[in-house]
Enquirer: 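First the structure, then my questions, so here it is.
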Amino acid sequence: MDDSDNIKKKITGNKAEKQPVILAVEDEDAILSLIKYNLEREKFKVLIARNGAEGLAMVQEKNPDLVLLDWMLPKLSGIEVCRQLRGNSQTKGVPIIMLTAKGEEGDILTGLDSGADDYVVKPFSPSQLIARIRAVLRRIRPVFEGKTLEFHGLKMDQAAQHVTYDGREVFLGPTEFKILRHFMEHPGFVFSRVQLLDSVWGNDIYVEQRTIDVHIQRLRKAMSDCQKNLGEFVRTVRGSGYVMQLPE
Ligand code: CA
């Protein structure tokens, strides 16, 4: 029995279907309540930060699926938060929608320049905001649309546990499948070994950190067996962890 079988035995059932986690960085309580109420009704999980510095810290700590970022914030402006998120290898892939007040519309280009994916002008209707969130998630993380994940030619049928790249099958063990799914759900993010262990095995299970290296090696091997140039698609980031990079 190899260690992937051992690990498999330790895993107790699948986690429930993942809800998209949205971090709202906003200092006005009325707008926060509006966002929270409407997003929760649409089955999003909502996290809240009330100033720029707190927002930055929470993105790093919680890896949200998308950030709603107010422009005018105490401590650090939305633009500055956006620049810092894009400048950090761990957070540069997180989708960002800027919330801008009327009159700041002239600055929208600055917002998009600083790395935002989209913007919504206040006052906005909840349905408009939700439509924009879904559109950005669909563009960046097709994970939330049905059971098939797709990213740069890599396709994962979650129900059938079947993976292909450019139509050729990739043969993966169950643990490698879970690791790959985690990377595909968060393209561009750098994950430390501890974060990968927590996400793939759950944080109530003790697994040695080097176990993850073994599975990463297997994942690389399976990918390069499918297509040679994919061998390095999970890149080691010295001192930080691993990131997925696929040929464009
Ligand atoms: Ca504000």
Side-chain angles (χ1 to χ4, degrees), residues 18-145 185-192 195 199 240 243:
K18 193 174 172 271
Q19 285 174 287
V21 178
I22 311 294
L23 170 65
V25 190
E26 167 65 71
D27 57 322
E28 281 169 71
D29 283 337
I31 296 175
L32 272 179
S33 330
L34 177 85
I35 290 173
K36 194 169 156 59
Y37 174 79
N38 285 284
L39 263 57
E40 284 178 350
R41 215 175 50 172
E42 295 292 318
K43 304 282 181 266
F44 292 101
K45 186 167 189 273
V46 181
L47 304 173
I48 283 173
R50 287 194 158 76
N51 63 58
E54 194 187 335
L56 258 187
M58 279 186 80
V59 176
Q60 286 176 356
E61 198 182 317
K62 307 281 187 190
N63 289 325
D65 295 298
L66 183 142
V67 182
L68 292 176
L69 185 57
D70 184 28
W71 183 294
M72 300 292 279
L73 284 168
K75 298 206 174 162
L76 217 53
S77 76
I79 291 293
E80 191 47 38
V81 171
C82 195
R83 283 201 185 107
Q84 292 200 26
L85 289 173
R86 288 294 179 253
N88 178 327
S89 62
Q90 196 204 328
T91 57
K92 68 177 185 200
V94 68
I96 298 170
I97 297 180
M98 296 283 304
L99 306 176
T100 69
K102 267 223 156 72
E104 290 164 350
E105 282 167 291
D107 296 329
I108 282 165
L109 280 180
T110 318
L112 294 176
D113 268 359
S114 71
D117 296 285
D118 202 354
Y119 61 89
V120 173
V121 178
K122 293 191 226 177
F124 48 80
S125 73
S127 57
Q128 182 201 0
L129 179 67
I130 286 161
R132 303 296 270 277
I133 291 174
R134 289 200 198 286
V136 169
L137 287 177
R138 202 160 41 233
R139 201 159 72 219
I140 300 171
R141 313 237 166 103
V143 54
F144 300 116
E145 297 296 313
E185 285 172 347
H186 305 87
F189 273 89
V190 176
F191 291 104
S192 69
Q195 284 173 325
S199 311
S240 300
V243 64

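What's counted below: heavy atoms across the whole structure, side chains too, no hydrogens, waters or symmetry copies. Starting from 1, each residue takes its place in the sequence as its number. The structure presented is a predicted model; accordingly, all values stated were derived computationally and were not measured. Both counts, for ligands and for their atoms, begin at 1 and track the order of listing.
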Enquirer: Yes or no on salt bridge (charged side-chain N to carboxylate O under 4.0 Å, His left out) for K122 and D70, after CA distance, side-chain angles and deciding distance?
Expert: CA-CA 10 Å; K122 293 191 226 177; D70 184 28; 3.0 Å; yes
Enquirer: Is D27 close enough to the Ca ion (ligand 1) that one of its N, O or S atoms comes in under 3.0 Å?
Expert: yes
Enquirer: Closest N/O/S atom of D70 to the Ca ion (ligand 1), by atom name?
Expert: OD2
Enquirer: Before you tell me yes or no, could you show the steps for D117 and R86 under salt bridge (charged side-chain N to carboxylate O under 4.0 Å, His left out), namely the whole-Å CA-CA distance, both residues' side-chain angles and the distance that decides it to 0.1 Å?
Expert: CA-CA 11 Å; D117 296 285; R86 288 294 179 253; 3.0 Å; yes
Enquirer: Restricting to non-hydrogen atoms, name the atom on P126 and the atom on L34 that form the minimum distance, rounded to 0.1 Å.
Expert: CG-CD1, 4.1 Å
Enquirer: To the nearest 0.5 Å, what is the distance between CE on M72 and CG on D27?
Expert: 9.0 Å
Enquirer: Let me check your reading of the structure: within less than 3.0 Å of the Ca ion (ligand 1), is there an N/O/S atom from E26?
Expert: no
